[in-house]
Asker: 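Let me begin by handing over the structure; questions about it come next.
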Amino acid sequence: MIKNYVIAVDIGTTTIRACLYDDRCQLVTVSQDTMEILRLDPRTQQAVRSRPKNPSAADILPSLLPPLLPKLRPSKKSKPHLNQDVGAGATDEMLVEIDPERMFQQFTQVIKNVLEKVPDEKNIRLSMGLCCLRNSFILWDKMSLKPVSRFVVWSDTRARKRCAEWNASWTIKGMNIVGGLLYKLTRKPRYKAAQIFKFIGGLVSHRLMVTIEESDKAQELARLNRLGFGCIESWLLWKLSEGKVLLSETGNTSSTGMYDPFIADYNFMILKLIGFPTKLLNPLCESAKREPFLKVDTKFFGHPINVHCLLADQQAALYGVGGVRKGDVKISLGTGTFVDLNTGSTPHASMSGTYPLVGWRLNGKNTYIAEGNDHDTAVLLGWAQSAGLFDDVTKTSAMAESTHNPGVYFVPAFGGLQTPINDDNACCGFLGLRPKTTKEQMVRAILEAIAFRVYQIWSAMSEEFGFKVPPRVRICGGVANNDFVCQCVSSLLNLPMERVTEGGTAASKGVALMTGLMQGLWTEDEIEAKIGVEKVFQPDPKMRETLLATFRKWKHAVDRCSNFYD
């Protein structure tokens with residue numbers, strides 16, 4: 001009999017992780033390494049500073065993972081990385097990049113590490129699935145296969161000014177007006193979304209154009225039709241196939257700003273309007289297939305491995321917590337906060353800043369999600385530890401529960417405030433500090449702020465969707481191991497909230513589940529039984545009353561920090 005194993009690789013902003021699962025989707029072993037993030041001054045192209053002395057998101061997240069990962073092991077070639085803290089003031093213009101060769105070394109090493117646990121037998125079948133951080137792209141020479149740029153990460157701000165200029169133009173204002181008129185006439189959701197359409201620097205389109213404009217080599221290759229472009233999943237397929245396979249997965253593409261979920265294709269009208277080089281776009285592909293996207297040569301890992309699944313990180317996490325039904329909700333508290341709602345076969349047109357994305361595409365059909373997000377979560381705890389508010393991040397829940405809020409409020413806006421506020425010019429700050437304010441009270445204010453941002457995103461979704469049936473809410477991510485935060489969120493949402501057992505590796509679990517489904521290792525009906533719930537938080541009415549009173553005052557603090565850098 002053939003023994004099946006699934007390797008799920010999760011390439012995130014702060015870590016790169018490989019998880020090995022058996023044919024029952026049980027976790028066998030894990031290997032991970034710290035992602036090297038380069039933060040460069042755009043004028044000098046030099047690193048702003050070397051490895052920070054103080055901990056940040058990349059340092060905090062591993063310590064937040066629960067004891068279910070005792071076998072977690074770092075890469076043997078682990079090295080310090082530059083500028084792990086991804087938060088930045090809104091006035092900063094920063095190049096945020098990842099070295100592709102270093103990342104590929106880490107990618108191959110973590111896979112080799114977990115393969116050591118595979119029995120040395122002949123009847124072994126290895127399948128692989130990939131999930132990647134979104135909106136991070138690279139350029140390369142199709143002929144030589146060599147990179148022309150580093151990976152440009154989602155938090156890179158090189159296109160911020162360009163987007164602001166477009167958003168202030170009569171072209172975009174006219175599009176908003178026409179969209180409103182067409183929506184009144186047709187009631188089509190695509191035109192509803194056009195009313196608030198604007199370009200965002202975190203999307204791929206403008207950052208790509210700026211990157212090409214600033215590179216003579218990229219421009220030359222584009223003229224010769226040799227310039228390759230893709231996000232991480234596209235580049236890995238290209239790299240592992242040695243230039244034979246070039247595809248872009250639909251869910252990853254849906255968050256780039258180049259995809260229109262209402263027509264389920266690239267938005268060629270907008271792309272041509274802004275002068276985007278559409279000839280660089282890759283064919284869109286399914287999220288998973290029974291026949292592999294690629295059969296990886298044994299020279300890469302020492303074993304033949306078939307790649308069957310490609311997913312974006314948050315979409316993978318939604319699948320990994322069992323959010324496969326319309327109405328299911330996943331809350332991720334990791335490097336950032338993400339609230340994802342499965343909207344089934346229909347994309348949702350939002351007026352509050354939640355984004356209609358493709359969750360996954362299987363058998364020619366899209367499953368859509370509505371997503372709201374906030375950039376700063378684990379980075380807040382990293383900063384708080386560096387500031388001396390606590391020594392051990394795992395004790396912060398007890399610190400918060402040991403005190404009350406005496407009127408201290410924290411605005412978590414190192415990277416601005418996203419859904420539904422959408423203010424890139426907000427500043428981070430403590431308000432209401434007094435001489436007698438304690439560390440415990442400051443920690444409580446930070447944790448409450450994380451919960452308040454989830455509540456704001458949830459409230460915007462709830463208002464637009466008007467949940468007639470209470471959705472099932474599951475939570476995952478390193479920060480979700482904080483009981484105080486989870487209890488606050490459950491009480492604010494006034495709903496039971498299930499914390500999944502493998503919350504720190506939910507994205508990897510999602511990739512493994514979908515890969516195994518394609519291989520026939522289990523059926524759709526069996527997926528739910530493979531997802532464990534570690535704890536269920538029930539809403540506390542008294543706590544909710546207190547939190548809502550604090551939330552109302554916290555919003556005044558947010559108002560004080562809004563448009564600070566404008």
Side-chain angles (χ1 to χ4, degrees), residues 5-21 29-38 58 61-62 72-82 84 97-118 126-138 140 145-147 149-154 228 230-249 252 292-313 316 335 505 507-508 510-512 515:
Y5 288 92
V6 176
I7 302 169
V9 186
D10 179 7
I11 303 170
T13 306
T14 53
T15 58
I16 181 168
R17 178 186 300 123
C19 296
L20 180 68
Y21 295 88
T29 190
V30 181
S31 176
Q32 77 172 32
D33 201 355
T34 301
M35 186 71 76
E36 294 188 42
I37 301 294
L38 306 173
L61 280 173
L72 184 144
R73 50 187 294 189
S75 166
K76 297 176 182 177
K77 297 182 180 180
S78 177
K79 298 194 303 184
H81 63 297
L82 301 178
Q84 301 166 12
E97 301 178 342
I98 296 173
D99 180 83
E101 298 303 332
R102 170 61 183 156
M103 192 261 273
F104 192 73
Q105 291 174 4
Q106 293 175 296
F107 171 78
T108 55
Q109 188 60 52
V110 294
I111 293 174
K112 289 178 180 179
N113 287 347
V114 299
L115 285 174
E116 293 176 4
K117 294 295 183 179
V118 175
L126 295 170
S127 303
M128 184 187 294
L130 308 174
C131 66
C132 311
L133 69 150
R134 303 174 306 195
N135 294 347
S136 302
F137 67 89
I138 188 172
W140 66 85
L145 308 184
K146 293 182 179 179
S149 71
R150 297 189 184 99
F151 276 104
V152 179
V153 183
W154 59 269
C231 292
I232 292 177
E233 88 285 1
S234 301
W235 182 75
L236 285 175
L237 286 178
W238 181 261
K239 182 89 170 173
L240 292 171
S241 69
E242 298 180 287
K244 298 180 180 67
V245 178
L246 182 55
L247 299 167
S248 291
E249 189 268 328
N252 273 284
F293 294 104
L294 171 66
K295 296 181 179 180
V296 183
D297 193 279
T298 55
K299 70 179 182 181
F300 286 101
F301 307 113
H303 292 267
I305 302 176
N306 294 338
V307 179
H308 287 272
C309 180
L310 308 167
L311 284 173
D313 51 4
T335 302
T505 55
S508 300
V511 170
T515 302

Asker: Looking at side-chain heavy atoms only, is the closest gap between Val30 and Cys19 below 4.5 Å?
Answerer: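 Val30 vs Cys19: side chains touch.
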Asker: In the structure I gave you, are the side-chain heavy atoms of Phe107 and Ile232 within less than 4.5 Å of one another anywhere?
Answerer: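 Contact flag for Phe107/Ile232 side chains = no.
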Asker: Could you give the distance from CG (Leu240) to CE (Met128), rounded to the nearest 0.5 Å?
Answerer: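 So the CG of Leu240 and the CE of Met128 are separated by 7.0 Å.
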Asker: Can you name the side chain to side chain contact (heavy atoms under 4.5 Å, CB included) partners of Ala316, sequence neighbours left out?
Answerer: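 So Ala316 forms a side chain to side chain contact (heavy atoms under 4.5 Å, CB included) with Cys131, Leu311, Ala507, Val511.
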Asker: Are any non-hydrogen side-chain atoms of Glu36 and Asp99 less than 4.5 angstrom apart?
Answerer: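 With C-beta onward as the side chain, the pair stays apart.
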Asker: When you check the gap from the basic side-chain N to the acidic O, do Glu101 and Lys239 get nearer than 4.0 Å?
Answerer: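 Result for this pair is yes, salt bridge flagged.
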Asker: Starting from the C-alpha separation in whole Å, work towards a yes-or-no answer on side-chain contact (heavy atoms from CB on, under 4.5 Å) for Ile11 and Leu236.
Answerer: CA-CA 11 Å; Ile11 303 170; Leu236 285 175; 3.5 Å; yes
Asker: Can you measure from OG (Ser31) to CD1 (Ile16) and round to the nearest 0.5 angstrom?
Answerer: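 Those atoms lie 9.5 Å apart.
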Asker: Minimum heavy-atom separation for Gly243 to Leu145, with atom names?
Answerer: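 Scanning both residues completely, I find the closest heavy atoms to be CA-CD2, 4.0 Å.
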Asker: Does any part of the side chain of Phe301, heavy atoms only, come nearer than 4.5 Å to the side chain of Thr108, both counted from C-beta?
Answerer: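 A side-chain contact exists here, since the closest heavy-atom pair is under 4.5 Å.
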Asker: Looking at residues at least two apart in the chain, or sitting in another chain, which of them share a salt bridge (charged side-chain N to carboxylate O under 4.0 Å, His left out) with Lys112?
Answerer: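 Scan of Lys112 (salt bridge (charged side-chain N to carboxylate O under 4.0 Å, His left out), adjacent residues dropped) gives none.
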Asker: What's the separation between atom CG in Asp33 and atom CZ in Arg102, rounded to the nearest 0.5 Å?
Answerer: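 Reported value, rounded in 0.5 Å steps: 5.5 Å.
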Asker: Rounded to the nearest 0.5 Å, how far does OG of Ser241 lie from CG of Leu294?
Answerer: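 It is 5.5 Å, given to the nearest 0.5 Å.
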Asker: Are Thr505 and Tyr21 close enough that some pair of their side-chain heavy atoms sits under 4.5 Å apart?
Answerer: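 The answer is yes; the side chains approach within 4.5 Å.
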Asker: What pairs with Asn135 under side-chain hydrogen bond (donor to acceptor under 3.5 Å, both in side chains), at least two apart in sequence or on another chain?
Answerer: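 Per chain and number, Asn135 pairs via side-chain hydrogen bond (donor to acceptor under 3.5 Å, both in side chains) with Ser255.
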Asker: Output the distance between atom CG (Leu115) and atom CD1 (Ile305), rounded to the nearest 0.5 Å.
Answerer: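 Between Leu115 CG and Ile305 CD1, I get 5.0 Å after rounding to 0.5 Å.
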Asker: My understanding is that only residues two or more places apart in sequence, or in another chain, count here; which of them pass side chain to side chain contact (heavy atoms under 4.5 Å, CB included) with Ser248?
Answerer: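 Side chain to side chain contact (heavy atoms under 4.5 Å, CB included) list for Ser248, sorted by chain: Glu233, Ser234, Thr253, Tyr266, Asn282, Leu284.
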Asker: How would you list, by chain and number, every residue that makes a ring-ring contact (aromatic ring centres under 6.0 Å, His included) with Tyr5, sequence neighbours excluded?
Answerer: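 Result, ring-ring contact (aromatic ring centres under 6.0 Å, His included) vs Tyr5: none returned.
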Asker: Ile98 and side-chain contact (heavy atoms from CB on, under 4.5 Å): which single residue from Leu38, Val152, Val153 fits?
Answerer: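 Of Leu38, Val152, Val153, side-chain contact (heavy atoms from CB on, under 4.5 Å) with Ile98 is met by Val153 alone.
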Asker: Looking only at heavy atoms, which two atoms of Ser508 and Asp10 are closest? And how far apart?
Answerer: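 It is OG-CB, 3.4 Å.
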Asker: Suppose we screen for side-chain hydrogen bond (donor to acceptor under 3.5 Å, both in side chains). Which residues come up paired with Asn252, at least two apart in sequence or across chains?
Answerer: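 If we apply the side-chain hydrogen bond (donor to acceptor under 3.5 Å, both in side chains) test to Asn252, skipping adjacent residues, the hits are Glu249.
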Asker: Considering non-hydrogen atoms only, spot the tightest contact between Cys309 and Thr515 and give its length.
Answerer: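 For Cys309 and Thr515, the tightest heavy-atom pair comes out as CB-OG1, 3.1 Å.
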Asker: Any side-chain heavy atom of Asp313 sitting closer than 4.5 Å to one from Arg134?
Answerer: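 Yes, side chains in contact.
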Asker: How many angstroms lie between atom CZ of Phe300 and atom CZ of Phe104, to the nearest 0.5 angstrom?
Answerer: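 If we round to the nearest 0.5 Å, Phe300:CZ and Phe104:CZ are 5.0 Å apart.
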Asker: Are the side chains of Leu310 and Leu237 in touch, meaning some heavy atoms are under 4.5 Å apart?
Answerer: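 Yes, side chains in contact.
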Asker: Is there any salt bridge (charged side-chain N to carboxylate O under 4.0 Å, His left out) pair reaching into residues 295-306, and which pairs are they, with sequence neighbours excluded?
Answerer: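 Pairs touching residues 295-306 that pass the test: Glu242-Lys299.
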Asker: Output all residues satisfying side chain to side chain contact (heavy atoms under 4.5 Å, CB included) with Pro100, sequence neighbours left out; order by chain, then residue number.
Answerer: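 If we apply the side chain to side chain contact (heavy atoms under 4.5 Å, CB included) test to Pro100, skipping adjacent residues, the hits are Ile138, Pro147, Arg150, Phe151, Trp235.
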